[in-house]
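Since the structure comes first, as structure tokens, the remarks are kept for the end.
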Amino acid sequence: MPKNKKPAGGRPARNFDPDYVAKRRAQQAKKGPKPGSRSPGHRGYRSPEETPKKNRWDAAERAERAEQRRQGDRRFDRDDRPQRERFDEDRPKRHYERDDRPRRQFARDDRPRRDDRARDDRARRDDRGSRFARDDRPGRDDRRFDRDARPQRRSFDSDDRPRRSFERDSRPRRDDRSTRFNSDDRAQRRYERDDRPRRQFDRDERPQRRQFDRDDRPQRRFDRDSRPQRRDSFANRDAKPRFTPQDDVVLERLEADAIQASDVEGVSFSDLGLGGNIVRTLGELGAASPFPIQAATIPDVLAGKDVLGRGRTGSGKTIAFGAPLVERLMENKGGTKREMGRKPRALILAPTRELALQIDRTVQPIARSVGLFTTQIYGGVPQARQVGALKRGVDIVIGTPGRIEDLIEQGRLDLSDVKVSVLDEADHMCDLGFLEPVQRILRQTAPKGQKLLFSATLDTGVAALVNEFLVDPAVHEVAGEDQDSGTIDHRVLVALREDKVQLLTELADRDEKTLVFTRTRAYAEQLVDDLEDAGVRAVALHGDLSQGRRQRNLERLTSGRVKVLVATDVAARGIHVDDITLVIQADMPDEYKTYLHRSGRTGRAGKAGRVVTVIPRNRRRRMTEMLERAEIDAPIVDVFPGDDVVDEIAGRPTIADLTS
DNA sequence: AAAAAAC
């Protein structure tokens, strides 16, 4: 039946109900005219004068909403964000928890120092609130739109949400572990939990609690030792190869030729063998003379050798492979003019779409300077444009594995002419889930084609690829360039779980760019809400957002319009944003390599930066081990909201500074 | 177990 026909039987569609239509018209009339199009000449154009002002929330209303939420009244959310509402229904416990904690208020009042600052902040935050209010509301609406409009998202929700609520409420890890690995353990656990009513008691009185906790520690340790089951469960974990801390070992470093930074002095890109146009473009990109890793790898790439390159985060790896790759293509262009539909001759693979995009932003101008074309091939966006570019003919394909394989299967992308392939973040591309697609793609490229593997954490994990695809590779690294020799100040803060949000808020409430990492997409969302409720503008970046929103939110940080980005590990590798001065790890990273990559988002190209990791007490040991593997020295301190060290890390003057 | 990556 055509859509515009009135249904034959049953209740008529509302639009065909004269009463309904009349009622709606009356409502519309009362509301006044709708806002029309803003561009003159458009059919629905309305001049600004006759366009009614939209209802915007001001700072006071916003604060009221936050207060309502705090009191467990979800009315505002229900109107605004249906999705959230459903989420909360799954977790009635939270209402209870929140209502049950007036303590917060109390604690805050109890500290005059905090109060002073809070007053200052409040003024500033209100300010900020109104400044952002205009952008804010539509943004939220957008978000709701995204949710509704995207089926994938739903499927994610249905799989993930329930589990999330379970985790949050009932201490995920432990339960999980015990049920999985040791059923006997479980009974014991439950006993333990029942055995801790004193915690409840302590919760009422802050200062005592601190005291108590400190005393409590030895006892805890004793507890642990006296629980053989627990040990067993760890032993079992160890037996599971992929999930254990043991998995996080430092793989053997590849035998590498180390270039000394001093060897590079006075060397120019031309000296390394790059042509005039390319050198000029590099200069325009801000690369006047080569960084060490570039000086080390460029000659070998130009010589056609397979290359493994390790240079720490922010050391200029993109140019290290991008520039010589273009030079190579230009050299052996022989015969192949820029004909329509010519097959690509070079391929650059990256683990995330944002990284692929970013690489293209560097490589494209270099390629254009010598008349070569690049195109991005990645998912999450319509493929038509990408296919169109391929039809016209491109020389360099830059993208992520999924869409590249997709287009190969559709017969729209032919890699058989690819003579140079680059894997950026190569060790990550060898992780489970990435390795096989990458192998399949590389097998499509020209046999014996040149392969270049780059990463800040290049280790023997890439052996699978090296053995199959590389011939006598040259391995390069820069002498003395381990991460710790860099410009980054590392800190670890041990905090109580119930202080975490407050602490993160205080850390993130600053004027310079801040990147916050979480372990899950759900927590990234949650944290953005928590920060916004506390008056700190923040946006999220994770794989559950539409690609448009991902790019928009990243751009908001890049442009500095928003100072805080909360991201999953999708942003851990390769992403370059100028002047991120603080990286906050709201969750501890999984492995030392992740630690290195996350912290590498700051302190780039020799600039100063700071990394702070917030952990609960029981992660302290694992954290210490991870730092050892990463070869990083970081002080580990107990911290509570309002402590001086928090201000110091955030870069605010401490009380001591103010009074001196 | 999570994250990323295709429609």
Side-chain angles (χ1 to χ4, degrees), chain A residues 149-156 159-164 166-168 171-181 233 236-237 240-245 247-248 348-358 376-384 386-387 398-413 423-441 455 517-526 540-547 550 554 566-575 585-591 593-595 597-598 622:
Chain A
R150 286 179 310 133
Q152 315 93 294
R153 161 97 205 205
R154 293 221 158 204
S155 79
F156 164 72
D159 291 336
D160 196 48
R161 281 293 169 80
R163 201 176 338 133
R164 173 155 62 135
F166 168 75
E167 282 177 6
R168 183 85 50 72
R171 297 225 172 168
R173 250 136 236 278
R174 301 201 159 174
D175 277 349
D176 222 9
R177 216 185 269 161
S178 49
T179 47
R180 263 190 84 138
F181 300 110
S233 86
N236 277 335
R237 274 163 54 93
K240 289 254 175 195
R242 289 206 63 255
F243 294 29
T244 64
D247 186 41
D248 177 28
I348 303 175
L349 283 177
T352 64
R353 299 163 187 170
E354 283 76 10
L355 185 51
L357 194 72
Q358 179 183 297
Q376 310 151 8
I377 306 284
Y378 57 73
V381 294
Q383 66 172 41
Q386 300 172 356
V387 172
I398 301 166
T400 52
R403 177 63 65 87
I404 288 176
E405 272 209 285
D406 193 8
L407 293 187
I408 291 173
E409 276 165 30
Q410 292 179 33
R412 298 172 195 271
L413 174 59
L423 288 188
D424 199 8
E425 306 297 343
D427 58 318
H428 188 39
M429 301 294 265
C430 290
D431 285 354
L432 199 82
F434 264 133
L435 178 60
E436 292 188 9
V438 167
Q439 285 173 324
R440 285 194 297 266
I441 289 170
S455 178
F517 282 106
T518 66
R519 201 175 55 89
T520 67
R521 300 178 279 198
Y523 186 45
E525 273 311 299
Q526 175 69 45
L541 178 61
H542 56 75
D544 193 31
L545 299 174
S546 69
Q547 189 55 31
R550 278 168 66 161
L554 180 58
V566 184
T568 59
D569 283 328
V570 68
R573 284 178 177 253
I575 300 304
Q585 310 200 62
D587 292 316
M588 200 179 120
D590 283 338
E591 52 160 1
K593 289 203 282 185
T594 308
Y595 185 101
H597 285 283
R598 283 176 169 188
R622 272 184 62 187

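Proteins come first, then strands; the chains are lettered A, B, ... in the order of their sequence lines, and each starts at number 1.
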Among B:dA5, B:dA3, B:dA6, which nucleotide sits nearest the side chain of A:Thr520? B:dA3
Taken in chain and number order and not counting sequence neighbours, the residues that satisfy side-chain hydrogen bond (donor to acceptor under 3.5 Å, both in side chains) with A:Asp427 are A:Ser455, A:Thr457, A:Arg573, A:Lys593
A:Arg598 has an atom CZ; how far is it from atom P of B:dA2, in whole Å? 15 Å
Please give, in whole Å, the distance from B:dA4 P to A:Ile575 CD1? 12 Å
Apply side-chain contact (heavy atoms from CB on, under 4.5 Å) to A:Ile404 and A:Gln386, showing your working. CA-CA 10 Å; A:Ile404 288 176; A:Gln386 300 172 356; over 6 Å; no
To the nearest Å, how far apart are A:Ile404 CD1 and B:dA4 P? 18 Å
Okay, side chain of A:Arg353, backbone of A:Gly379: is any donor-acceptor separation there less than 3.5 Å? yes
A:Asp431 atom CG is separated from B:dA4 atom C1', nearest whole Å, by 10 Å
Which part of the nucleic acid, if any, lies within reach of A:Asp406 when heavy atoms closer than 4.0 Å are counted: base, sugar-phosphate only, or nothing? base
B:dA2 phosphate, OP1 or OP2: any side-chain N/O from A:Thr568 under 4.0 angstrom? no
Mind checking if A:Gly433 touches a base, just sugar-phosphate, or nothing, with heavy atoms under 4.0 Å? base
What do the steps show when you test A:Leu357 against A:Glu354 for side-chain contact (heavy atoms from CB on, under 4.5 Å), and what is the final call? CA-CA 5 Å; A:Leu357 194 72; A:Glu354 283 76 10; 5.5 Å; no
Less than 4.0 angstrom between a side-chain N/O of A:Thr400 and OP1 or OP2 of B:dA4, yes or no? no
Select one nucleotide: of B:dA3, B:dA6, B:dA2, the one nearest the side-chain heavy atoms of A:Glu409. B:dA6
Between CD of A:Glu436 and C1' of B:dA5 the distance, given in whole Å, is 14 Å
Can you sort out the partners of A:Asp406 under side chain to side chain contact (heavy atoms under 4.5 Å, CB included), two or more places apart, ordered by chain and number? A:Gln383, A:Arg403, A:Gln410
With a cut-off of less than 4.0 Å, is there a side-chain N or O of A:Arg353 near OP1 or OP2 of B:dA6? yes
Just call it for A:Arg550: base, sugar-phosphate, or nothing, with non-hydrogen atoms closer than 4.0 Å on any strand. sugar-phosphate
Rounded distance (Å) that lies between atom P of B:dA3 and atom CZ of A:Phe517: 14 Å
What is the separation between atom CG on A:Asp590 and atom C1' on B:dA4, rounded to the nearest whole Å? 13 Å
Send over the distance from A:Arg521 CZ to B:dA4 P, rounded to a whole Å. 5 Å
Which part of the nucleic acid, if any, lies within contact of A:Val381, taking any heavy atom under 4.0 Å across all strands shown: a base, the sugar-phosphate backbone alone, or nothing? sugar-phosphate
